[in-house]
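Here the structure is laid out as structure tokens; the discussion comes afterwards.
Protein chains get the first letters and strands the later ones, always in sequence-line order, with residue 1 at the start of each.
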There are 2 protein chains.
Amino acid sequence: MRNTIENTSFHLPEPVIRRLPWYLSYAKLARQKGEKSVSSTQIAHALNIDTSQVAKDLSILKIAGKTRVGYDLETLVETLSDVLGFSNTHSAFLVGVGNLGSALIQDNGLAQYGLRITAGFDTKFEMDGMRINQIPIHLMDDFAFLCRKTHTEIGVLTVPSECAQQVAEEMVAAGIRAIWNFTPFRIHVPEDIIVQNTSIYAHLALMFNRLNNK
Amino acid sequence: MRNTIENTSFHLPEPVIRRLPWYLSYAKLARQKGEKSVSSTQIAHALNIDTSQVAKDLSILKIAGKTRVGYDLETLVETLSDVLGFSNTHSAFLVGVGNLGSALIQDNGLAQYGLRITAGFDTKFEMDGMRINQIPIHLMDDFAFLCRKTHTEIGVLTVPSECAQQVAEEMVAAGIRAIWNFTPFRIHVPEDIIVQNTSIYAHLALMFNRLNNK
């Protein structure tokens with residue numbers, strides 16, 4: 001029995017969206033173990049957060065639990081995947097096929113979460129026509145043409161910091177609407193362009209700092 | 001002229017630490033362009049943040065700017081790298097040589113930021129003795145022994161979610177003090193163990209959600 005959702009595009013506060021993948025991860029795990037349902041208390045305990053927080057977050061998504069039974073796991077997994085956008089496949093172009101860029105192209109895990117990198121771009125002539133993990137690599141010169149032709153809206157930015165701003169501008173000019181920025185550089189783009197900054201090196205700094213202060 | 005720092009282990013608030021890699025990235029860029037110094041206004045403008053915020057953050061690090069000249073770029077780069085822990089090399093063991101795991105092993109960029117993955121571990125027998133990017137892959141059975149032998153204190157966790165908790169416990173038992181958790185699972189560890197959660201899939205969810213709401 002699935003709780004129907006008319007519109008999976010919720011306007012959710014960022015802290016809520018950040019917690020949802022934890023719930024999804026936990027729900028998938030419980031389902032794998034053969035469970036049929038979970039309570040908000042179980043989820044809260046496993047994830048080290050408040051029970052009321054879990055109940056509140058899930059109620060925003062209109063996921064209803066049953067008294068003494070809890071949340072149906074199938075519904076939970078399906079709804080969370082939908083809301084998080086992991087059920088649909090979003091195509092993306094990646095620019096900057098260096099270490100991190102090729103690593104992401106090779107990470108098939110992204111596809112499970114709804115992101116399919118369909119092409120990589122670089123300025124190095126010798127990379128033109130290459131394939132990594134069966135994904136074609138093109139010259140940056142072809143970016144705008146291919147982007148418009150395929151209606152690709154997501155750009156993954158893995159270039160060196162010093163090119164980040166320029167490439168971001170080229171992405172926007174070609175019709176990219178969301179940029180997943182892996183560089184530590186804060187790019188400037190028009191207000192209607194979505195920027196998601198994921199600087200894994202910043203997380204590294206956080207970890208080193210805590211380690212040194214122990 | 002370098003401002004000396006007696007102790008680079010500052011107890012910095014997390015929001016400050018998160019901004020420092022941006023300053024570093026900007027400072028490196030300016031240095032590369034041949035600049036000798038930058039003002040807090042220039043940094044603030046480039047990064048889209050408050051000038052007073054930049055000045056405050058840098059003063060916490062005891063980096064002093066000169067009136068009408070600004071911050072010396074060499075000092076800025078060096079001090080920020082030191083404070084962020086990027087100047088020292090920290091060895092780490094990675095567990096879970098799947099898509100993301102091998103991607104990280106292949107990402108030489110991490111070394112530039114002070115993290116050197118010296119070995120990978122997996123439960124798959126066929127991986128034992130393999131090398132990826134010249135880094136040896138061992139069986140998980142050898143983790144504790146090799147960890148103690150090499151005094152490795154950082155563990156990178158890239159296993160499937162369902163193994164995250166168990167592997168985290170094995171890491172802690174073997175002497176790991178900081179875990180860089182790439183799984184979307186919230187691991188439970190003793191209080192003195194540092195956990196840095198980096199769920200790139202959670203960032204993906206944030207981006208999808210904003211894209212769908214446009």
Margin query: Can you tell me how far apart OH (Y113(B)) and OG (S199(A)) are? Round to the nearest 0.5 Å.
Written below: 7.0 Å

Next item on the list: Enter the distance from L204(A):CG to L84(B):CG here, rounded to the nearest 0.5 Å.
Entry: 9.5 Å

Check: So which part of E162(B) gets closer than 4.5 Å to some heavy atom of chain A, the side chain, the backbone, both or neither?
Finding: both

Notebook entry, point to check: Quick one: are L110(B) and L100(A) in side-chain contact, heavy atoms under 4.5 Å?
Noted result: no

Check: How many angstroms lie between CD1 in I49(B) and CZ in R186(A), if you round to the nearest 0.5 Å?
Finding: 6.0 Å

Margin query: Could you measure the distance from the CH2 atom of W180(A) to the CG atom of L206(B)? Nearest 0.5 Å is fine.
Written below: 10.5 Å

Notebook entry, point to check: Heavy-atom distance under 4.5 Å to chain A: side chain of N197(B), backbone, both or neither?
Noted result: backbone

Checklist line | Side chain / backbone / both / neither for Q32(A) at chain B, heavy atoms under 4.5 Å | finding: side chain

Next item on the list: Name the option with the most non-hydrogen atom pairs under 4.5 Å to chain A; the candidates are L115(B), L20(B), L104(B).
Entry: L115(B)

Note to self: Using a 4.5 angstrom heavy-atom cutoff, name the option from I105(A), L24(A), L47(A) with the most pairs to chain B.
What the structure shows: L47(A)

Margin query: With a 4.5 Å cut-off on side-chain heavy atoms, are R210(A) and Q196(B) touching?
Written below: yes

Notebook entry, point to check: Among I17(B), I154(B), T198(B), which one satisfies side-chain contact (heavy atoms from CB on, under 4.5 Å) with M207(A)?
Noted result: I154(B)

Next item on the list: Select, from K33(A), Q106(A), H188(A), the one with the greatest count of heavy-atom pairs under 4.5 Å involving chain B.
Entry: H188(A)

Next item on the list: Would you confirm whether H90(A), through its side chain, and F208(B), through its main-chain N or O, come within 3.5 Å as a donor-acceptor pair?
Entry: no

Item checked: Partner chain B: residue of P184(A), P21(A), S161(A), A103(A) with the largest heavy-atom pair count (under 4.5 Å) -> P184(A)

Next item on the list: Rounded to the nearest 0.5 Å, what's the gap from CZ on F185(A) to CH2 on W22(B)? Could you check?
Entry: 12.0 Å

